[in-house]
Amino acid sequence: MQSYTVQPAAAVRGEIAVPGDKSISHRSIMLGSIARGTTTVKGLLRGEDNMATLHAFRAMGVNVQDDGETLHIEGKGLHGLAEPADVLDCGNSGTSIRLLTGLLAGQRFFSVLTGDQYLRKRPMKRVIEPLGRMGASIFGRAGGEKAPLAIVGRELAGISYASPVASAQIKSALLLAGLYAAGETEVTEPHLSRDHSERMFRYFGADIETTLCGARVRGGRELEGRDITVPGDISSAAFFLVAALIVPGAELLIRGVGVNPTRTGILDILTAMGGSVELLDPREVSGEPVADLLVRSSRLKGIEIGGDLVPRAIDEFPVLCVAAALAEGTTVIRDARELRVKETDRIAAMAANLVKAGVPVTERDDGMEICGVEQLAGGIFESFGDHRIAMSMLVAGLAARTACTVNDVACIATSFPDFLPLLARVASR
Ligand code: S3P
């Protein structure tokens, strides 16, 4: 079990770029593989999660060349994938397994999806149940709730589905199945979750319409290969935004970050907490908004977070908890029950770590209350096998009284393989 220690930082300064967006990287591999013609992808995130998606499509006969800079995908068309000869291993990646389940439900072959010890505990009925209504035939452990999942490809029919949770993975699984289904497939959700699938469907020429809180796709139309440039991942930038806000005297420029409005909850929350984050040079790349972010050390204050801000910042809560721990007053997080079914239970994991760091925290079923302190205590913290918990506690270590060690940091490679050297580059003692 590999651990890593950070020392308190005297400054966080410089100019960085963060790796490509994980969600957009998954979708570009998926749509490129089932489109006709060649798709090129620049700026792809080469983390373990995205590599799991790439391996799955290679195992279904897709020819993909990677020259280290650009990925060249020779698309097979909607019905050109081949039956995989073995189980497809999605590793730690919830996006891979849930989106692939939707995509594979309408193929003319059999497939099995599995994942690591964490992924095999996560809920899958949320996609299997609505896919079943479309005619899909999918089996899993625990009555279909858990992977491994066995999928017997079938002809599907479109449905109209009101998802009880705002989840881009549910929405995207159904839209991918909808590409193969007869008629229209419509998904609505209580709040709009990230809309990268909808944008990329449109970019590839799918017959898709977006609605106020969801989308509608008509099946049967072939997609056309495209050239994609993946913007920097705002969820990865979030660790550096918070690092620069909590270390006195810090100033950091983060270039080329995706600022899709369904993902910028972190910017709204940090600004409401009193953080200085400026959005510079806004532009559009491959149908996605992009900007540079300039962040300066700030005196933060506690706020209340809930409602539609939650899906717009869903992956940023671990590091937001660190910002809240150093803010003046109390931060209340509610409507965030989904955090309990992420790579780990992120409410319990952050509460345990922050309490160790001397922060008063009260857990609630759907969130937590965090009372800010002047300074965090150093010590030994746990990642719980979750990349974002590991990175959040290393960021916390920059503003602690003494050194912070985080156990089991290998998981960081799922989304941000170069996080440790990048953190070391901007933080000085
Ligand atoms: C993702 C959707 C979110 C997010 C995950 C990536 C995606 O999950 O937490 O990291 O790429 O669609 P949910 O759909 O479960 O909220």
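Atom set for the values below is all heavy atoms of this structure, side chains included, hydrogens, waters and symmetry mates excluded.
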Student: Do side-chain atoms of Asn50 reach the backbone of Lys22 as a donor and acceptor pair under 3.5 angstrom?
Tutor: yes

Student: Please check if any side-chain donor atom of Glu48 sits under 3.5 Å from a side-chain acceptor atom of Thr414, or the reverse.
Tutor: no

Student: Examine the side chains of Thr53 and Ser96 and answer whether a donor and an acceptor come within less than 3.5 Å of each other.
Tutor: yes

Student: Have a look at Arg337 and tell me which of Asp365, Asp345, Asp366 forms a salt bridge (Lys or Arg N to Asp or Glu O under 4.0 Å) with it.
Tutor: Asp365

Student: Is it the case that the side chain of Asp315 and the backbone of Ser235 share a donor-acceptor pair, with hydrogens and angles ignored and the cut-off at 3.5 Å?
Tutor: no

Student: For Thr40 and Asp227, test the side chains for any donor-to-acceptor distance below 3.5 angstrom and give the result as yes or no.
Tutor: yes

Student: Taking atom types as modelled, find out whether Gln65 and Asp67 have a side-chain donor-acceptor pair closer than 3.5 angstrom.
Tutor: no

Student: So, Tyr180 versus His79, ring centres under 6.0 angstrom or not?
Tutor: yes

Student: Is there a side-chain contact between Ile314 and Val310 in this structure, where contact means two heavy atoms from C-beta onward sitting under 4.5 Å apart?
Tutor: yes

Student: Do the non-hydrogen side-chain atoms of Ile34 and Leu179 ever get within less than 4.5 Å of each other?
Tutor: yes

Student: Taking salt bridge (Lys or Arg N to Asp or Glu O under 4.0 Å) as the criterion, tell me which of Arg194, Arg263, Arg27, Arg199 meets it with Asp21.
Tutor: Arg263

Student: Side-chain contact, heavy-atom cut-off 4.5 Å: Leu192 with Lys171?
Tutor: yes

Student: Does a donor on one side chain sit under 3.5 Å from an acceptor on the other, for Asp195 and Asn260?
Tutor: yes

Student: Any side-chain donor paired with an acceptor under 3.5 Å for Arg226 and Thr39?
Tutor: no

Student: Are any of the side-chain heavy atoms of Thr264 and Arg312 separated by less than 4.5 Å?
Tutor: yes

Student: Step by step, work out the side-chain contact (heavy atoms from CB on, under 4.5 Å) result for Lys42 and Val230.
Tutor: CA-CA 6 Å; Lys42 282 193 184 359; Val230 181; over 6 Å; no

Student: Would you tell me whether Thr331 and Glu369 have side-chain atoms, one donor and one acceptor, within less than 3.5 Å of each other?
Tutor: no

Student: Taking Ile73 as the fixed residue, which of Val41, Asp66, Leu31 is the one that meets the side chain to side chain contact (heavy atoms under 4.5 Å, CB included) rule?
Tutor: Val41

Student: Does Phe419 reach the side chain of Phe240, with side-chain heavy atoms less than 4.5 Å apart?
Tutor: yes

Student: Are Ser167 and Arg126 linked by a side-chain donor-acceptor pair shorter than 3.5 Å?
Tutor: no

Student: Name the one of His191, His196, Glu189 that satisfies side chain to side chain donor-acceptor pair (under 3.5 Å) with Ser193?
Tutor: Glu189

